[in-house]
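Notes follow once the structure below has been shown.
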Amino acid sequence: MKAVLVAGLCGVLFALGLGLGGMTQPEKVLAFLDVAGQWDPSLAMVMMGAVGTHAVLLRLIRRRPAPVLASRFPAPAQTRVDMALVAGAALFGVGWGLVGYCPGPAFTSLATGGRDVLLFVGSMLAGMVLFSAGSRAKR
């Protein structure tokens, strides 16, 4: 129960950070990606702040023998780059560039009840279900 509460608190904190950083505004994200036009560099500052914070905290975390709320650190199931990973990354980038949403900000933006974000999240969830069904059928 304690892990669920901490995970929920981290989710709320993440959502607040996304909102304060402007990541929930698709037009701001698209302006950041428009390097040949009206480029808005403000999201680069948000990203650098996140990467800097992560770099410092990761060093502290790796000194610990285990996470605070788990018995061991998780290991990735796969460490090699394959075609599925590259295709998924490309699909993610194209979708982000076309619409200005990625999953975290899209879920955060659901609180606005906007039609565009509802359509995006619905489409994303449908894609996830289709991928999962396709993966199961492949096995």
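Throughout, numbering of the chain's residues begins at 1 and tracks the sequence.
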Taking side-chain contact (heavy atoms from CB on, under 4.5 Å) as the test, write out the residues that go with [X], two or more places apart.
X	result
D116	none
V12	L16
L58	H54, R62

Taking all atoms of both residues into account, what is the closest heavy-atom pair of [X] and [Y], and its distance?
X	Y	result
L33	G97	CD1-CA, 3.6 Å
S71	P67	C-CD, 4.5 Å
K28	S42	NZ-OG, 3.1 Å
L85	D82	N-OD1, 2.9 Å
P103	F92	CD-CE1, 3.4 Å
Y101	S109	CE2-OG, 3.6 Å

### Query
Does Q78 use its side chain to pair, donor to acceptor, with the backbone of R80 at less than 3.5 Å?
yes

### Query
Backbone N or O of G49 within a donor-acceptor pair of the T53 side chain at under 3.5 Å?
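Judged by distance alone, yes, a pair lies under 3.5 Å.
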
When rounded to the nearest 0.5 angstrom, what distance separates [atom1] in [X] from [atom2] in [Y]?
X	Y	atom1	atom2	value
L110	T112	CG	OG1	7.0 Å
F32	M45	CZ	CE	9.0 Å
L13	L9	CG	CG	6.5 Å

Common cluster, [X]/[Y], ILVMFWY with side-chain heavy-atom separation under 4.5 Å:
X	Y	result
L118	M124	yes
W96	V117	no
M128	F120	yes
L69	I61	no
L43	W39	yes

### Query
Does atom CD of E27 have more than 12 heavy-atom neighbours, drawn from other residues, nucleotides or ligands, at distances under 6.0 Å?
yes

### Task
Answer yes or no: are there more than 12 heavy-atom neighbours, outside F131 itself, under 6.0 Å from its atom CZ?
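Check fails, neighbour count at 12 or below.
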
### Message
In the structure I gave you, are the side-chain heavy atoms of V121 and F107 within less than 4.5 Å of one another anywhere?
### Response
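SC-SC contact between V121 and F107 confirmed.
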
### Task
Check step by step if side-chain hydrogen bond (donor to acceptor under 3.5 Å, both in side chains) holds for S135 and R139.
CA-CA 7 Å; S135 295; R139 286 186 233 155; 5.5 Å; no

